[in-house]
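In what follows, a structure is listed as structure tokens, so that the remarks can point back to it.
None of these values were measured; they are calculated from a predicted model.
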Amino acid sequence: MNDQAMRAEAVAVRAGRVVAVGRRADVMKLRGARTELIDLKGRTLLPGFVDPHGHMMVGGLQALAANLLAPPDGEVTDIASLQRTLRDWVAANRAAVSEVRLIVGFGYDDSQLKERRHPTRDDLDAVSTEFPILLIHQSSHLAALNSRALEVAGLTAASKNPAGGVIRRREGSQEPDGVLEELAFFQAGFKILPAVGPKGMKAFAREGAKLWARYGYTTAQEGRATPGTANLLRQVADEGGYAIDVVTYPDVLIDREFIQAGASRTYRNRFRIAGAKLTIDGSPQGLTAWRDRPYFKPLGAYPPGYSGYAAASAEEVMSAIDWAAEQGIQIITHSNGERASDLLIAAHRAAQARFPKARAMRPVLIHGQFMREDQFDPLKALNVIPSLFPMHTFYWGDWHLDHTAGPDVGMNISPVGWARKRNMIFTSHHDAPVAFPDSMRVLDATVTRRARGSGRIVGPQHRVDVITALKAMTLWPAYQVFEEKTKGSLEVGKLADFVILSQDPTRVAPTTIADIKVTETIKEGSTVFRLEATAGRTAGARDDSFARMLHAMAHATSAADASAAVSPQFAQFRERLRTQLATQTPPGSGIACQSDVIMWLGDAMSRGSAS
């Protein structure tokens, strides 16, 4: 990824670092009697991928739950295949399911089902009426429950919609149909999901790191943590649980003192707290991103002119970014809608006027799905790095063109072209577990922007060449996390963090990039994943780890009831969260982004055995 020497014939490693790179004849001069010589045999070696934004611990949960994703990451294409997948999963885990009396699935997406609707309680009752079933939507903003789960959650025809959430009803009735949105799902989840305890959550973290390594990532990210989950991630690190580096960003609206005390540029046992996370709004495909215009043709009972909503008040956003600027702490901000990014820009402008040093802290805009081109000039002036989500064009391109944004605005989803037009760097992420952390799918989508359903090119003006896309996965995210001196390119002195691919992505047809396989991942000179050695092992590891988790759930105490919802302004939300987390009481306000639900559930589950 070094523009001065983009390609090399050989690389030499000693003590975990690159000591030579370049022509084979020159590098081979360093060969000694004990040197191990590795022939790539036509494969391609690249710098290890650096995760610009994902949720590694939650990815571990995805890896250890029933996989309800649509192709190519799963097999669910309609209600019948969803039911079949659940039945097969239950059959494979019957003893554990019988003990814990709970069935959990992750990743179904109504926009990808043939019926173009969510599974209802009746659909799930056909799978089981004995055990509660909780299916988490791919966005993590909604869930589908069977009748038994609704009973456990205490939801009936008399139940009122909580502020910031919706209990969907059967047609012509007030009886819940099984689909819960936002806070309604959040509150039900705290009644349904028992705490798995620290051992279960540690399993998620370890398996998440393994999953990231499988796709060539040598640095992973847990993109939103609570103090409880951050401490648990640290415990896994101190127990030697990570073969790759892990960074995390705790939520800035929960405990700033915790972030200030823990933030560091130095790893301890492959883990560090890198800065703070702020969330302004929600999900574009879930129709909760805060837009400056109405959604195009949203499916569902949305009022005329519906444009989403904010998950944090203007005062909270301004205060958080001002605090980070004053403390010299990097802050990354989830902002999907145009109005959310307007607020983000205003907050950074005000903070940098007071604390000019904040510009050097490399603030990051996460996602930026719905943006206007005029927003990129102030982003550049404020040195805000856009970490965009081109993989959305593959998974949800058709959905955005047809329903959320429309055929014109939809062409500017994840507008990397506007960044490159201004010579700005950008990073390209996967946001797992929204999808698997599939690096080749990230690369493919950043280059081609081809929707998986129709094959339409979603914004041809925002496509980039393969080298630029690779920089957005290696050198530029290394810069984003202040590690460009040790990661992101094959240069003398840098860490020997490598990924070996089955083919050279610059020399295959762009439409076949996603077919390239990660054959090996190397962290500081040591192999942490090899395709031949682990093929056929993943499924077994998933089943075994999830069975252990279910066993822990069976012997843990249930989480307390969710507290009452606050006003839509969320003015007191975060202060109450500090108290609720301290007392292990689940929070009870609006949910905004795909990490909200799992973040809070994760915190509660990580505390379970101690309650």
Side-chain angles (χ1 to χ4, degrees), residues 1-52 213-219 243-245 420 425-428 439-440 442-444 446-447 464-481 483-510 512-513 515-532:
M1 297 301 108
N2 182 346
D3 287 333
Q4 306 305 313
M6 186 56 67
R7 296 181 183 274
E9 296 177 339
V11 60
V13 174
R14 181 187 298 125
R17 291 188 179 266
V18 175
V19 294
V21 59
R23 294 174 58 234
R24 185 178 189 277
D26 294 333
V27 173
M28 290 298 288
K29 293 177 182 178
L30 297 176
R31 184 179 184 183
R34 297 166 56 185
T35 298
E36 180 184 7
L37 185 62
I38 300 174
D39 186 349
L40 293 177
K41 298 180 179 179
R43 297 178 298 167
T44 298
L45 183 144
L46 295 170
F49 298 126
V50 178
D51 182 9
R214 172 183 168 187
Y215 289 106
Y217 287 93
T218 50
T219 302
I244 63 175
D245 290 338
R420 296 306 296 148
I425 69 169
F426 73 94
T427 61
S428 186
S439 54
M440 292 300 97
V442 175
L443 181 63
D444 181 289
T446 310
V447 172
V464 298
D465 61 90
V466 175
I467 292 296
T468 299
L470 285 172
K471 286 182 179 179
M473 300 168 65
T474 55
L475 187 60
W476 293 343
Y479 178 86
Q480 177 182 305
V481 295
E483 297 186 49
E484 73 276 12
K485 292 183 179 180
T486 58
K487 298 177 180 178
S489 61
L490 305 180
E491 298 184 67
V492 173
K494 289 195 173 185
L495 295 175
D497 289 0
F498 307 140
V499 56
I500 300 176
L501 305 179
S502 59
Q503 293 175 279
D504 181 347
T506 69
R507 292 176 175 170
V508 301
T512 66
I513 289 174
D515 297 329
I516 296 173
K517 304 298 183 185
V518 172
T519 64
E520 192 168 351
T521 303
I522 298 170
K523 175 62 180 164
E524 296 175 30
S526 297
T527 296
V528 296
F529 168 81
R530 182 176 286 119
L531 185 62
E532 308 86 69

Query raised in the report: Nearest 0.5 Å, what's the OH-NZ distance between Tyr479 and Lys485?
Result: 11.0 Å
Query raised in the report: Looking only at atom types and distance, does a side-chain atom of Thr521 sit under 3.5 Å from a main-chain N or O of Ala213, one as donor and one as acceptor?
Result: yes
Query raised in the report: Taking it one step at a time, do Lys523 and Leu495 satisfy side-chain contact (heavy atoms from CB on, under 4.5 Å)?
Result: CA-CA 8 Å; Lys523 175 62 180 164; Leu495 295 175; 4.0 Å; yes
**Report entry** Residue pair Thr468 / Asp465, side-chain donor-acceptor N/O under 3.5 Å
**Finding:** yes
Query raised in the report: How about Thr218 and Phe49: do any of their side-chain heavy atoms sit closer than 4.5 Å?
Result: no
Report summary line: Minimal heavy-atom distance between Pro52 and Ala472, with the atoms involved, is CG-O, 4.2 Å
Query raised in the report: Less than 4.5 Å apart, any side-chain heavy atom of Phe498 and any of Val13?
Result: yes
Requested in this report: Let me see the working for Thr506 and Arg7 under side-chain contact (heavy atoms from CB on, under 4.5 Å), right down to the final yes or no.
Outcome: CA-CA 11 Å; Thr506 69; Arg7 296 181 183 274; 2.6 Å; yes
Query raised in the report: Nearest 0.5 Å, what's the CD-NZ distance between Glu524 and Lys487?
Result: 7.5 Å
Query raised in the report: Do Asp504 and Val508 come close enough that some side-chain heavy atom pair is under 4.5 Å?
Result: no
Query - Ile467 side chain reached by Met6 side chain, heavy atoms, under 4.5 Å - result: yes
Query raised in the report: How many angstroms lie between atom CZ of Arg31 and atom CD of Glu36, to the nearest 0.5 angstrom?
Result: 11.0 Å
Query - Name of the residue among Val442, Leu443, Asp444 meeting side chain to side chain contact (heavy atoms under 4.5 Å, CB included) with Thr446 - result: Val442
Report summary line: So salt bridge (charged side-chain N to carboxylate O under 4.0 Å, His left out) across residues 11-24, not counting sequence neighbours, yields Arg23-Asp26
Query raised in the report: In Å, rounded to the nearest 0.5 Å, how long is the span from CD1 of Ile513 to OG of Ser439?
Result: 11.5 Å
Query raised in the report: Is there side-chain contact between Thr474 and Leu46, with at least one heavy-atom pair below 4.5 Å?
Result: no
Report task. Taking side chain to side chain contact (heavy atoms under 4.5 Å, CB included) as the test, write out the residues that go with Ser526, two or more places apart. Result -> none
Query raised in the report: Considering the options Val518, Ile516, Leu531, which one meets the side chain to side chain contact (heavy atoms under 4.5 Å, CB included) requirement together with Ser502?
Result: Ile516
Query - Partner residues of Leu475 under the side chain to side chain contact (heavy atoms under 4.5 Å, CB included) criterion, sequence neighbours left out - result: Met1, Ser489, Lys494
Query - Any donor-acceptor pair under 3.5 Å from Thr427 side chain to Trp476 backbone - result: no
Query - Spacing of CD belonging to Gln503 relative to CG belonging to Asp515, to within rounding of 0.5 Å - result: 8.0 Å
Report task. Determine, step by step, whether Thr219 and Asp51 satisfy the side-chain contact (heavy atoms from CB on, under 4.5 Å) criterion, reporting the C-alpha distance in whole Å, the side-chain angles of both residues, the deciding distance to 0.1 Å, and the verdict. Result -> CA-CA 6 Å; Thr219 302; Asp51 182 9; 5.7 Å; no
Query raised in the report: OG1 of Thr486 to CG of Asp497: how many Å apart, nearest 0.5 Å?
Result: 8.0 Å
**Report entry** Heavy-atom closest pair, residues Ala25 and Lys29
**Finding:** O-CG, 3.4 Å
Requested in this report: Answer yes or no: is there a side-chain heavy-atom contact under 4.5 Å between Ile500 and Arg530?
Outcome: no
Query raised in the report: Got Ile425 and Gln480 here, is their nearest side-chain heavy-atom distance under 4.5 Å?
Result: no
Query - Leu30 to Ala20 - nearest heavy-atom pair and separation - result: CD1-CB, 3.4 Å
Report task. Would you tell me whether Arg43 and Thr519 have side-chain atoms, one donor and one acceptor, within less than 3.5 Å of each other? Result -> yes
Query raised in the report: Any side-chain heavy atom of Glu9 sitting closer than 4.5 Å to one from Val27?
Result: no
